[in-house]
S.K.: 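The structure is given below, and queries will be raised subsequently.
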Number of protein chains: 2
Amino acid sequence: MSNKFRNQEANAHGHGYLPGLAIDAVIFGFHDNQLKVLLLTYKNTGLFALPGGFVHDTEDVNEAARRVLFDRTGLTNIFLDQFYVFGDKSRHDTAPLKAIMAVRGVTPPDDHWLLKRFVSVGYYALVDFTKAIPTPDSISDSCDWFGLDNLPELMQDHNLIIKKALETLQANLDQKLIGFNLLTDDFTMGDLQSLYETILNKKLIRAAFQRKILGLGILERTAKKWTGGAHKAPYLYRFISEK
Amino acid sequence: MSNKFRNQEANAHGHGYLPGLAIDAVIFGFHDNQLKVLLLTYKNTGLFALPGGFVHDTEDVNEAARRVLFDRTGLTNIFLDQFYVFGDKSRHDTAPLKAIMAVRGVTPPDDHWLLKRFVSVGYYALVDFTKAIPTPDSISDSCDWFGLDNLPELMQDHNLIIKKALETLQANLDQKLIGFNLLTDDFTMGDLQSLYETILNKKLIRAAFQRKILGLGILERTAKKWTGGAHKAPYLYRFISEK
DNA sequence: ATCTTATTGTATCATTTTGTTACAATAGTA
DNA sequence: TACTATTGTAACAAAATGATACAATAAGAT
């Protein structure tokens with residue numbers, strides 16, 4: 001849990017939500033040749049957390065994840081996938097939540113539903129950095145992008161969740177051809193290669209990379225991009241989903 | 001939910017369990033050149049279900065899955081992994097559970113905890129068919145192996161769960177080198193190839209398969225196996241986990 | 001205009017991996 | 001002792017990947 005108690009006034013006892021179940025979303029973006037994730041910050045507590053939420057008893061768990069993603073970015077039709085369930089009992093840590101509530105002048109009873117043990121379903125999303133509009137929820141002060149190698153200490157096991165999300169992304173990058181979701185609609189081959197190199201954290205061979213990607217037959221060439229650089233202008237490519 | 005209400009007398013209201021959360025385990029075995037899964041059967045109802053259970057509030061979710069696996073097979077130290085969370089609200093179907101209870105002379109109230117909506121964490125396990133001892137739980141009549149292409153209609157979405165588990169197994173087979181877990185300690189190259197062919201559902205080229213597997217350097221040759229066949233005796237191999 | 005420079009797109013060849021065929025070794029049976 | 005089916009592996013072909021090279025070209029410098 002973290003920012004997930006929107007409507008807590010309307011659900012003082014957690015009614016209307018599936019009990020003990022939370023969603024945590026690792027929302028990846030790519031900017032300045034860096035992978036970034038969306039984090040919420042809580043004023044006066046120095047706490048940072050992943051966007052998350054609870055599951056209404058009228059919605060699917062996957063729907064709840066899409067709702068969280070939409071609420072924090074304004075985006076729909078985004079690549080979003082489960083990657084792990086975090087269910088260790090050692091996750092149960094009421095301190096950060098109490099701190100957040102204390103700053104807001106609330107002292108919850110020890111049996112408050114938000115202080116119970118939660119199992120969290122981890123999701124990761126790949127969004128176009130330029131299209132997302134980071135939006136804090138009702139109890140956080142801001143929602144911002146943080147570089148992956150520049151992360152603050154996060155509450156609970158959220159650093160671990162991000163680590164596992166990244167590992168999943170790395171493992172799935174070639175298999176599922178999902179990288180494009182992190183770029184704008186049109187991109188150069190150089191953009192794509194930088195993205196892959198950043199995610200996989202290793203250099204790729206330019207000629208081989210280009211040959212491989214084009215050989216997949218999933219890109220169409222749209223135009224040339226004049227970068228202003230003193231060199232040949234690269235082509236722009238676009239992902240074509242179906243044939 | 002399905003067979004997961006052991007100790008229901010001791011937990012008439014589901015106390016001691018994480019609410020609304022279940023485990024479903026797809027336990028794979030390999031025998032007679034066929035992939036098999038363990039299923040529970042419920043007498044006089046014609047119902048079949050995956051082994052499953054609930055999570056004690058004193059244990060990790062992964063621990064609960066290991067416990068389920070141990071209770072149904074007697075095995076520990078088994079390959080076991082999460083693969084998906086089944087959390088659609090459409091899963092909520094009280095009919096089969098009521099039928100099972102009815103046969104046992106119980107008519108639960110509509111607000112019985114077992115009749116509430118459950119979110120289920122899907123696990124898949126790979127076990128040595130010869131070592132597992134299928135064991136029914138307290139409310140099922142038997143626990144048996146069923147061939148994957150010979151499955152009965154299962155309760156709720158359990159057929160879907162198996163389908164998804166198989167897809168995960170197929171996708172991970174080469175990546176994680178987990179196939180050996182389905183064989184006995186010593187096996188021939190032919191055994192291993194049959195296993196791969198069965199899981200992937202396609203023919204593999206014998207010479208290339210053998211070269212590839214041996215090239216991984218993860219097998220040691222132990223002895224020869226006299227099969228009684230009128231031909232050269234194959235070697236036995238064994239998986240070596242660490243170097 | 002022409003020269004210079006950096007980057008792109010692609011061709012070419014080398015290397016590695018995988019697909020295919022072939023064949024010697026051999027444990028039974030006839 | 002010959003025959004047969006299967007195993008282990010070599011040998012070669014084809015495909016994929018790694019590495020290098022080079023023509024094309026957009027802009028700034030001359």
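Every chain is numbered from 1 and lettered A, B, ... according to where its sequence line falls, protein lines coming before strand lines.
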S.K.: Are the side chain of A/E220 and the backbone N or O of A/F239 linked by a donor-acceptor pair below 3.5 Å?
M.R.: no
S.K.: CZ of B/R221 versus P of D/dT7: gap in Å, rounded?
M.R.: 13 Å
S.K.: Strictly below 4.0 Å, heavy-atom distances to any atom of DNA chain C: list the hits from residues 172-206 of chain A, or just say none.
M.R.: A/M189, A/R206
S.K.: Is there a donor in the side chain of B/S120 and an acceptor in the side chain of B/D24, or the other way round, less than 3.5 Å apart?
M.R.: yes
S.K.: Tell me which of B/R211 and B/Y235 sits closer to the 5' end of DNA chain D, going by the nucleotide each one is nearest to.
M.R.: B/Y235
S.K.: Side chains of residues 168-175 of chain A: which donor-acceptor partners sit under 3.5 Å, not counting sequence neighbours?
M.R.:
unit_1	atom_1	unit_2	atom_2	d
A/T168	OG1	A/K164	O	2.9
A/Q170	NE2	A/I199	O	2.9
A/N172	ND2	A/Y124	OH	3.3

S.K.: What integer distance in Å separates A/Q210:CD from D/dA21:C1'?
M.R.: 15 Å
S.K.: Among D/dT7, D/dT17, C/dG9, which is the nearest nucleotide to the side chain of A/K212?
M.R.: D/dT17
S.K.: Is there a donor-acceptor pair under 3.5 Å between the side chain of A/D137 and the backbone N or O of A/I139?
M.R.: yes
S.K.: Give the rounded distance in Å between these two atoms: CG of A/L214 and C1' of D/dT17.
M.R.: 15 Å
S.K.: So, A/N150 versus A/Q34: side-chain donor-acceptor pair below 3.5 Å or not?
M.R.: no
S.K.: Measure CG/B/L216 against C1'/C/dT18 and give the value in whole Å, please.
M.R.: 13 Å
S.K.: Would you mind reading off the distance between A/K232 atom NZ and C/dT7 atom P, rounded to a whole angstrom?
M.R.: 14 Å
S.K.: Distance-only criterion, 3.5 Å: show the donor-acceptor pairs between side-chain atoms of residues 179-197 of chain B and protein atoms not counting sequence neighbours.
M.R.:
unit_1	atom_1	unit_2	atom_2	d
B/N181	ND2	B/I178	O	2.8
B/T184	OG1	B/D186	O	2.7
B/D185	OD1	B/K131	NZ	3.3
B/D186	OD1	B/T222	OG1	3.3
B/D186	OD1	B/R238	NE	3.2
B/D186	OD1	B/R238	NH2	3.2
B/D186	OD2	B/R238	NH2	3.0
B/T188	OG1	B/G190	N	3.3
B/T188	OG1	B/D191	N	3.0
B/T188	OG1	B/D191	OD1	3.4
B/T188	OG1	B/D191	OD2	3.2
B/D191	OD2	B/T188	N	3.0
B/Q193	NE2	B/E197	OE2	3.0
B/Q193	NE2	B/L204	O	3.1
B/S194	OG	B/G190	O	3.0
B/E197	OE2	B/L204	N	3.0

